[in-house]
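Worksheet: one structure, shown below.
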Amino acid sequence: MTDIKICEICRKSVPQKDIDQGLAVERNGKWICAQCAAIGRKHKDPFHQDVLASLEKINEEVRSVYRIVSFKEANVWTVLGAVLQIFVVFGVAVSFSQISKLGIALWWMGLAVVLQVMALTFFTIGK
Ligand SMILES: [Zn+2]
């Protein structure tokens, strides 16, 4: 005797194997299929009509923010990006101070541009 579970969001039946694998989620007797749960996880709003779930979501959100913050503090890429950013400012400053010697100024400016690109890349990785 199979009791068919219907996804609360897309109204498709929830396959038993998704339930077995824990991909489909159950909340207050309502089922969310694997696809909708995945979308919900992405948008952090799988059970938007459920007040209790909303509170849980907020709690989860706060915890994930804490995770991101503590992760960022220890993030090597972000630190490297910040250090490079300082060198960029330095490079631009030297470039302007050497503006009378165009070759040197351009060399420093080029270096600053390269470092800036690296810094941005590290910030992106560190995100
Ligand atoms: Zn669904």
Side-chain angles (χ1 to χ4, degrees):
M1 84 147 258
T2 43
D3 112 57
I4 293 165
K5 295 166 181 81
I6 302 294
C7 169
E8 262 300 291
I9 294 169
C10 68
R11 298 269 148 208
K12 284 180 195 153
S13 70
V14 180
Q16 186 60 45
K17 79 168 168 61
D18 287 359
I19 296 166
D20 292 344
Q21 290 173 1
L23 295 171
V25 283
E26 190 256 344
R27 188 62 57 99
N28 301 336
K30 292 166 182 170
W31 282 90
I32 310 285
C33 73
Q35 284 87 350
C36 291
I39 294 164
R41 270 194 290 276
K42 225 183 221 169
H43 297 289
K44 306 252 189 212
D45 196 13
F47 313 104
H48 46 86
Q49 290 165 325
D50 188 332
V51 176
L52 274 176
S54 301
L55 287 173
E56 209 173 274
K57 193 189 80 191
I58 292 163
N59 183 19
E60 225 168 82
E61 206 82 35
V62 169
R63 259 188 275 170
S64 80
V65 166
Y66 274 122
R67 262 201 302 274
I68 290 163
V69 168
S70 54
F71 179 67
K72 257 200 180 147
E73 275 167 5
N75 196 312
V76 179
W77 295 111
T78 307
V79 174
L80 271 175
V83 170
L84 278 180
Q85 193 67 73
I86 294 161
F87 278 109
V88 169
V89 174
F90 178 73
V92 171
V94 171
S95 170
F96 276 108
S97 73
Q98 300 292 316
I99 203 81
S100 56
K101 291 167 244 167
L102 196 61
I104 295 165
L106 281 176
W107 191 90
W108 278 100
M109 192 56 93
L111 183 72
V113 168
V114 169
L115 289 178
Q116 182 66 80
V117 171
M118 282 171 76
L120 288 175
T121 308
F122 287 175
F123 280 133
T124 310
I125 295 167
K127 238 180 213 165

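Ligands are counted one by one from 1 in listed order, and the atoms in each one are counted from 1 as well.
- When all heavy atoms are compared, the tightest approach of Val88 to Ala112 is CG2-O, 3.6 Å.
- Heavy-atom minimum distance, Pro15 versus Ser13: CD-O, 3.4 Å.
- For the pair Phe90 and Leu115, the minimum side-chain heavy-atom distance is 4.5 Å or more.
- Distance check: Ser95 OG to Ile104 CD1 gives 10.5 Å after rounding to the nearest 0.5 Å.
- By the criterion of a separation under 2.8 Å, the protein N/O/S atoms near the Zn ion (ligand 1) amount to Cys7 SG, Cys10 SG, Cys33 SG, Cys36 SG.
- Summarising the geometry, atom CD1 belonging to Ile6 is positioned 14.5 Å from atom NZ belonging to Lys30; distances are rounded to the nearest 0.5 Å.
- We find the CD-NZ distance between Gln35 and Lys12 to be 6.5 Å, quoted to the nearest 0.5 Å.
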